[in-house]
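One structure is given below, encoded as structure tokens.
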Amino acid sequence: MSEIDVPESHPRYQSLLTRHRIEAGVEKGITSKQGLIAEGRGEAFDYLLGERTIDSADRAERAAAALLLLAERPVLSVNGNVAALVPGEMIDLAAAVDADIEVNLFNRTEERMDAIAAHLREHGAEEAGVQIKGLTADARIPGLDHERAKVDADGIGAADVVLVPLEDGDRAEALAAMGKSEIVIDLNPLSRSARAAAVPIIDNIIRAVPNVTAHARELRGASREELEAIVGEFVGAEALEAAETTIRSGDLD
Ligand code: ATP
Ligand code: MG
């Protein structure tokens, strides 16, 4: 038995574990109630994808790893759902690609910002040498209203590559408009967020983040030319189309 009272062999184990983590996140004050709705929406797409990482998503995860390794100032954005679902995995990824983490909330309150930063520290951020940003909020994303536009000047404000999982379309588009290379993780290939990304990853964040980390570790010795070739060969529109075709075909094998 693990975190939840269900054996890992249960056919719905992953989805039950995910729900449990989101629920615990709400109870702990790190996930908003809106986050429960976002989770349900994501689960429906995951069901139709067969709850697996399809080949095109694995290629996107490899391209994301290459892009993060090439970045001068990579930042991984964390919201309430991300913190509830993959806190330790985000820290591992940040350590593997030498990125900072920035807490960035749609419904920003000081309490939730602090709770998420504390949650990430509990999961070993300091020991891994990963900086947690987002609390200074001394820069703004142009084109968004006040609260949602807040970022750290030396975090997302100065980043060249940003990983924004489970983001809403507006913010994803505004960040892309700032000229940042954006990696989006979202189970919905029709989402405006996924469409705004240079690298859209259509996969459950629970599977996606550890797989980006695994690719990053494998690519650590690669030359800039090799990494640039991996990024250059990746076509976002093809990844979106492959995921949409899988979902619409309804073929779960
Ligand atoms: P837009 O269409 O403008 O992008 P939205 O209406 O999709 O915005 P939300 O519903 O807040 O905005 O977005 C939540 C997104 O997160 C959904 O697209 C959902 O598929 C995705 N999502 C939820 N849980 C997960 C998860 N575990 N892994 C990956 N994506 C997820
Ligand atoms: Mg969306």
Side-chain angles (χ1 to χ4, degrees), residues 3-4 12-26 30-54 56-58 60-61 64 76-90 93 103-108 112 116 119 141 143-145 147-149 162-177 180 182-213 236-237 239-244 246-248:
E3 241 175 277
I4 52 173
R12 309 235 40 87
Y13 175 78
Q14 274 298 333
S15 122
L16 293 170
L17 176 67
T18 304
R19 287 183 192 180
H20 168 79
R21 286 194 183 163
I22 290 285
E23 198 185 343
V26 173
I30 60 180
T31 308
S32 71
K33 286 185 187 160
Q34 293 278 328
L36 294 166
I37 298 166
E39 167 60 28
R41 195 173 195 204
E43 268 191 41
F45 287 106
D46 204 17
Y47 194 97
L48 293 170
L49 280 169
E51 295 175 338
R52 70 205 152 105
T53 299
I54 61 175
S56 57
D58 181 60
E61 284 154 11
L76 316 183
S77 178
V78 167
N79 65 20
N81 283 51
V82 177
L85 292 175
V86 285
E89 292 84 348
M90 286 298 278
L93 175 58
V103 184
N104 206 259
L105 303 180
F106 187 92
N107 303 304
R108 186 186 175 106
R112 281 183 64 223
I116 292 174
H119 188 65
I141 305 170
L144 293 179
D145 62 64
E147 284 304 307
R148 292 172 57 216
V162 196
L163 171 74
V164 284
L166 283 53
E167 184 55 89
D168 78 295
D170 262 20
R171 277 248 290 265
E173 282 169 2
L175 284 171
K180 302 192 187 293
E182 202 170 8
I183 302 162
V184 164
I185 302 173
D186 194 317
L187 278 158
N188 177 5
L190 302 173
S191 168
R192 283 186 300 134
S193 351
R195 297 188 169 264
V199 180
I201 297 175
I202 311 303
D203 198 4
N204 196 316
I205 190 170
I206 288 207
R207 297 186 299 268
V209 172
N211 199 33
V212 176
T213 306
L240 293 172
E241 203 185 307
E244 190 180 339
T246 305
I247 287 169
R248 287 193 193 277

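Atoms within each ligand, like the ligands themselves, are counted from 1 in listed order. Treat the numbers as computed from the prediction; the structure is a model and nothing was measured.
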### Message
Which option wins on minimum heavy-atom distance to atom 8 (O) of ligand 1: Ala38, Gly169, Gly35?
### Response
Gly169
Closer than 4.0 angstrom, basic N to acidic O: yes or no for [X] and [Y]?
{"X": "Glu23", "Y": "Arg19", "result": "no"}
{"X": "Arg52", "Y": "Asp46", "result": "no"}
{"X": "Arg192", "Y": "Glu173", "result": "yes"}

### Query
Sub-3.5 Å donor-acceptor pair from the side chain of Arg21 to the main-chain atoms of Leu85, do we have one?
yes
### Message
Is it the case that the side chain of Thr213 and the backbone of Val209 share a donor-acceptor pair, with hydrogens and angles ignored and the cut-off at 3.5 Å?
### Response
yes
## Note on the structure
Any heavy atom of Asp203 under 4.0 Å from ligand 1? The part involved is backbone
### Task
Heavy-atom contacts with Asn188 under 4.0 Å: which atoms of ligand 1 show up? List them by number with element.
18 (O), 20 (O)
### Query
If you count the atoms of ligand 1 from 1 in the order shown, which ones are under 4.0 Å from a heavy atom of Leu85?
27 (N)
Is it the case that ligand 1 has an N or O less than 3.5 angstrom from some N or O of [X]?
{"X": "Ile185", "result": "no"}
{"X": "Asp186", "result": "yes"}
{"X": "Glu167", "result": "no"}
{"X": "Arg192", "result": "yes"}
{"X": "Asp170", "result": "no"}
{"X": "Phe45", "result": "no"}

### Message
Would Leu166 count as a contact residue for ligand 1, given that I'm defining contact as a non-hydrogen atom of the residue lying under 4.0 Å from a ligand atom?
### Response
yes
### Query
Side-chain donor-acceptor pair under 3.5 Å between Thr53 and Asp203, yes or no?
yes
### Task
For salt bridge (charged side-chain N to carboxylate O under 4.0 Å, His left out), just list the numbers for Asp170 and Arg148, CA-CA rounded to whole Å, side-chain angles, deciding distance to a tenth of an Å, and then say yes or no.
CA-CA 10 Å; Asp170 262 20; Arg148 292 172 57 216; 3.7 Å; yes
#### Entry: From Asp58 atom CG to Arg207 atom CZ, the distance as rounded to the nearest 0.5 Å
11.5 Å
